[in-house]
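Note that ligands are numbered from 1 as they come in the structure, with each ligand's atoms numbered from 1 the same way.
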Amino acid sequence: MEHNKVKNIHWFPGHMKKASNLISEKLKLVDFVIVLLDSRIPLSSYNPYLMEIIKDKKKVFLLSKKDLSDENESKKWENYLTKNNDLAMVVDLKNQKIVNDILSLINVYIDEKKEKYLKKGIKNISIRAMVVGIPNVGKSTFINLMAKKSIAIAKNEPGVTKAIRWIKVNKNFEIMDTPGILFPQFKDKKSAINLALLGTIKEDILPLDEIFEYLINFIKKYYLIDFNSRYKYEFKVSDDNNFILETIGRKRGFLNKDNDVDITKTIKVILNEFRNGIIGRFTIERVEDANI
Ligand code: G4P
């Protein structure tokens with residue numbers, strides 16, 4: 001397979017600037033920022049440009065899609081992201097029960113603020129947060145989950161051009177509806193492939209065979225047992241990637257009219273099963289590679 005065929009990899013400076021201006025403008029209205037990251041790719045879903053803007057704010061990192069990522073690796077990420085006194089938790093946002101765990105975590109910041117204000121004689125405080133994250137990371141799911149029993153209120157805020165929609169989660173805690181769309185920043189080609197692998201960016205940004213080669217090499221390194229169990233075949237690390245594709249395609253009956261395996265279809269099905277946790281729970285990016 002050919003390498004270095006990266007097509008059209010560019011990020012969107014215009015959009016990025018717009019989103020970052022909106023975030024900067026509204027940052028002063030919140031006590032802390034909830035940063036959503038995909039627990040399978042915490043590095044590629046972490047936007048360094050955004051982190052620079054919010055560096056002086058307290059942060060709660062919510063690593064979404066716990067049900068799809070490797071539990072051991074997720075624990076390591078949780079520890080790693082608390083290293084600067086920030087809070088971090090791996091969450092399955094499709095599970096309603098997670099709301100109480102998230103609220104308990106955030107209580108740490110509420111208690112800190114209460115203590116500070118009590119010294120000034122103020123008893124009733126509320127705390128406000130902004131939610132940020134690249135597309136597909138689970139922002140809407142998170143906001144809907146937290147908004148279950150609440151009403152969204154639009155308020156005009158001093159010094160801010162547009163009314164802001166606040167979601168009142170409880171008497172102490174409000175969430176700001178996310179300002180602007182934050183596109184992922186491709187730090188390098190690996191990030192682009194990781195984002196394409198999980199469907200955050202369109203997979204046609206890179207040749208499909210290149211994405212597959214990257215995926216299969218990753219699987220051979222860490223999760224061959226899960227892969228073999230899904231496709232009911234004892235593949236070995238030394239097996240050629242084309243042999244793997246041919247075998248799976250034929251077993252599944254993905255054949256064209258000449259009885260040849262439809263390679264594109266086979267790759268697409270494997271990619272889809274990988275993304276949706278059907279092959280197993282995978283973490284692509286490891287704490288050992290962290291540079292954030
Ligand atoms: P966004 O606003 O950040 O763009 O993301 P959004 O909430 O729309 O979530 C993107 C997809 O990820 C949705 O799936 C959503 O259901 C799914 N998702 C979010 N959090 C989790 C999680 O913790 N675990 C799992 N398994 N999935 C999660 P979709 O296929 O686009 O829609 P649908 O399945 O909800 O219909």
### Query
Do any pairs count as a salt bridge (charged side-chain N to carboxylate O under 4.0 Å, His left out) and have a residue in residues 249-260, sequence neighbours left out, and if so which ones?
R252-E273
### Query
What about the rings of Y233 and Y231, do their centers lie closer together than 6.0 Å?
no
Pairs under 3.5 Å, N/O atoms on ligand 1 and on the protein: can you put them in a table with the distances?
from     : atom 1 : to   : atom 2 : distance (Å)
ligand 1 : 2 (O)  : S140 : N      : 2.8
ligand 1 : 2 (O)  : S140 : OG     : 2.4
ligand 1 : 3 (O)  : N136 : N      : 3.4
ligand 1 : 3 (O)  : V137 : N      : 3.2
ligand 1 : 3 (O)  : G138 : N      : 3.0
ligand 1 : 3 (O)  : K139 : N      : 2.8
ligand 1 : 4 (O)  : N136 : N      : 2.7
ligand 1 : 5 (O)  : G138 : N      : 3.1
ligand 1 : 7 (O)  : S140 : N      : 3.3
ligand 1 : 7 (O)  : T141 : N      : 2.8
ligand 1 : 7 (O)  : T141 : OG1    : 2.5
ligand 1 : 12 (O) : K65  : NZ     : 3.0
ligand 1 : 23 (O) : K65  : N      : 2.9
ligand 1 : 23 (O) : L93  : N      : 2.8
ligand 1 : 24 (N) : D67  : OD1    : 2.8
ligand 1 : 26 (N) : D67  : OD1    : 3.4
ligand 1 : 26 (N) : D67  : OD2    : 2.6
ligand 1 : 34 (O) : K94  : NZ     : 3.3

### Query
Does any pair with a residue in residues 54-69 pass side chain to side chain donor-acceptor pair (under 3.5 Å), and if so which ones, sequence neighbours excluded?
S39-S69, E52-K55, K58-E112, S69-S74
### Message
Under the ring-ring contact (aromatic ring centres under 6.0 Å, His included) definition, can you give me all pairs with a residue in residues 241-275, not counting sequence neighbours?
### Response
F274-F282
### K113 charged N/C atom sitting above Y117 aromatic ring, 6.0 Å / 45°
yes
### Summary
Here the gap from K190 atom NZ to E285 atom CD, rounded to the nearest 0.5 Å, amounts to 8.0 Å
